[in-house]
Amino acid sequence: MSVDHRSVDQSWLADLRASLAEDFATQTARLRELTELNDDTGDPSEAHNRAALLVATRRTIEQITGALSRISDGTYGACEKCGQNIPAERLEILPHARFCVPCQAKHDG
């Protein structure tokens with residue numbers, strides 16, 4: 001089953017938008033907490049872990065923002081590379097997916 005990005009179920013999209021907005025708020029709060037931490041314990045591994053969490057959180061926020069933008073402009077569910085529909089199963093597992101599986105493999109490759 002593929003998602004036709006021109007006629008995606010509006011109820012499903014509304015639920016997805018709400019879920020992504022909630023995730024965005026959660027990740028933004030997490031980013032704020034991570035950036036406000038001033039506890040320099042002198043432990044290099046803690047500093048490394050905090051830096052890794054900052055990078056991962058920022059990446060997640062970018063992915064969520066991108067998905068919300070694609071929903072808003074009506075391109076959600078279309079592969080950014082080939083324009084084909086991204087399968088609904090992929091979008092359910094990875095709601096911020098920008099590419100279909102073959103194009104993602106080429107992009108990562």
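Values below: every heavy atom of this structure, side chains too, minus hydrogens, waters and symmetry copies.
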Closest contact, heavy atoms only, Gly83 versus Ala78: O-CB, 4.2 Å

First locate atom [atom1] of [X], then atom [atom2] of [Y], and finally report the distance between them rounded to the nearest 0.5 Å.
{"X": "Thr26", "Y": "Ile64", "atom1": "OG1", "atom2": "CD1", "value": "8.0 Å"}
{"X": "Leu91", "Y": "Asn85", "atom1": "CG", "atom2": "CG", "value": "9.0 Å"}
{"X": "Ile61", "Y": "Leu31", "atom1": "CD1", "atom2": "CG", "value": "4.5 Å"}

Short side-chain to backbone donor-acceptor contact, Ser72 and Leu68, under 3.5 Å: yes

Backbone N or O of Asp15 within a donor-acceptor pair of the Ser19 side chain at under 3.5 Å? no

Among pairs that include at least one residue of residues 23-34, which meet salt bridge (charged side-chain N to carboxylate O under 4.0 Å, His left out), considering only residues two or more places apart or in two chains? none

I need the full list of salt bridge (charged side-chain N to carboxylate O under 4.0 Å, His left out) pairs touching residues 59-81, with sequence neighbours left out, sorted by first then second residue. Arg70-Glu80, Glu80-Arg98

Can you tell me which residue pairs pass the ring pair (Phe, Tyr, Trp, His ring centres under 6.0 Å) test with a partner in residues 45-67, sequence neighbours excluded? none

Phe24: partners by ring pair (Phe, Tyr, Trp, His ring centres under 6.0 Å), with sequence neighbours left out: none

Any side-chain heavy-atom pair of Val55 and Arg50 under 4.5 Å: no

Check against side-chain contact (heavy atoms from CB on, under 4.5 Å), Gln27 and Thr65: CA-CA 11 Å; Gln27 293 300 321; Thr65 302; over 6 Å; no

With sequence neighbours excluded, tell me which residues meet side-chain contact (heavy atoms from CB on, under 4.5 Å) with Leu94. Arg90, His96, Ala97

Listed partners of Leu16 passing side-chain contact (heavy atoms from CB on, under 4.5 Å), at least two apart: Trp12, Leu13, Leu20, Ile71, Tyr76, Pro95

